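Please read all numbers here as calculations on a predicted model, not as lab measurements. One-based numbering, in listed order, for ligands and for the atoms of each.
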Amino acid sequence: MKIRKAKLTDVPNIHRLVNHYAGERIMLPRTLTDIYENVWEFTVVAEEDGRLVGCGALKLYNQEVAEIRSLCVDESLKSKGVGREIMEELLDEAEAFGLKTVFALTVVPTFFEKLGFHQVPRERFPTKVWRDCLRCERYTCCDEKAVTMEIVDRPPKLEKSAAEAAEVSS
Ligand SMILES: CC(C)(COP(=O)(O)OP(=O)(O)OC[C@H]1O[C@@H](n2cnc3c(N)ncnc32)[C@H](O)[C@@H]1OP(=O)(O)O)[C@@H](O)C(=O)NCCC(=O)NCCS
């Protein structure tokens with residue numbers, strides 16, 4: 001497996017992966033056009049045959065804040081460290097940009113908390129609420145939690161991730 005920035009040819013596979021979970025109502029759906037327009041936000045994990053098994057995006061809001069979004073792993077490879085690997089890559093990117101804060105809205109706050117995020121009221125990120133939440137059909141019955149991390153408080157990375165281990169052993 002290889003973790004890298006997304007290419008245009010990955011877009012249909014990113015679309016398939018994200019909308020699989022959107023169908024289960026645990027992620028926001030994204031259109032092909034939206035993903036093509038924002039492809040540079042995406043980091044992906046691909047197998048040697050090109051099959052995409054994970055993706056995640058860093059959406060910039062301003063000089064200091066970005067959102068982690070569309071982070072997901074193929075059902076067959078969940079709980080093997082791939083999600084953590086994508087997150088670490090996105091956090092490296094956030095650090096390289098000089099960002100101060102990253103946040104996400106998620107139905108799996110525990111995953112984010114394991115990686116150093118903590119829960120906050122979503123009103124802390126009004127641009128997100130204004131841009132996405134107010135247009136969402138689940139706005140009044142949303143079960144997503146807002147989680148955030150100050151980059152300066154980022155925990156040290158694990159010695160070797162499961163995804164790296166899988167790569168070595170494959
Ligand atoms: C959430 C998701 C991205 C996690 O990726 P993953 O590869 O399965 O997770 P990892 O194996 O890297 O797990 C990292 C840590 O988080 C924990 N974790 C993973 N998924 C979890 C979940 N659903 N609930 C609680 N903890 C979870 C793991 O136990 C692990 O903890 P550990 O280091 O103490 O062992 C993946 O399960 C997924 O795609 N879910 C559906 C889409 C989704 O909910 N995306 C969230 C962003 S909106």
**Message:** I need the nearest protein heavy-atom contact for atom 47 (C) of ligand 1: residue, atom name and distance, please.
**Reply:** L71 O, 3.4 Å

**Message:** Below a 4.0 angstrom heavy-atom separation, can you tell me which part of V73, side chain or backbone, both or neither, approaches ligand 1?
**Reply:** both

**Prompt:** How far apart are the closest heavy atoms of L32 and P12, and which atoms are they?
**Reply:** CD2-CA, 4.1 Å

**Asked** So, do F103 and Y61 have ring centers that fall under 6.0 Å from each other?
**Response** yes

**Prompt:** Is it true that R25 and D143 have a side-chain N and a carboxylate O under 4.0 angstrom from each other?
**Reply:** no

**Message:** If we set the cut-off at 4.0 Å for heavy atoms, which region of K114 has an atom near ligand 1: side chain, backbone, both, or neither?
**Reply:** side chain

**Request:** Do me a favour and list the nearest non-hydrogen protein atom to atom 48 (S) of ligand 1 with residue, atom name and distance?
**Result:** T106 OG1, 3.9 Å

**Request:** Give a yes or no on whether atom 28 (C) of ligand 1 lies under 4.0 Å from any heavy atom of the protein.
**Result:** no

**Prompt:** Are L60 and L28 grouped together when hydrophobic residues (ILVMFWY) are joined by side-chain heavy atoms under 4.5 angstrom apart?
**Reply:** no

**Prompt:** Looking at atom 12 (O) of ligand 1, would you say a protein heavy atom lies below 4.0 Å from it?
**Reply:** yes

**Complete:** For atom 37 (O) of ligand 1, the closest protein heavy atom turns out to be K78 CE, 3.5 Å

**Request:** Examine the proximity of ligand 1 to M27 and report which part, side chain or backbone, both or neither, has a heavy atom under 4.0 Å away.
**Result:** side chain

**Nearest-contact summary for atom 21 (C) of ligand 1 - protein heavy atom, Å** = F111 CB, 4.0 Å

**Request:** Under 4.0 Å from a heavy atom of V82: give me the atoms of ligand 1 that qualify, with their elements.
**Result:** 7 (O), 12 (O)

**Asked** Are E93 and K5 within salt-bridge range, i.e. N to O under 4.0 Å?
**Response** yes

**Request:** Could you list the atoms of ligand 1 found under 4.0 angstrom from a heavy atom of C72?
**Result:** 39 (O), 42 (C)

**Item:** Residue G81 vicinity, atoms of ligand 1 by number, heavy atom under 4.0 Å
**Value:** 10 (P), 11 (O), 12 (O)

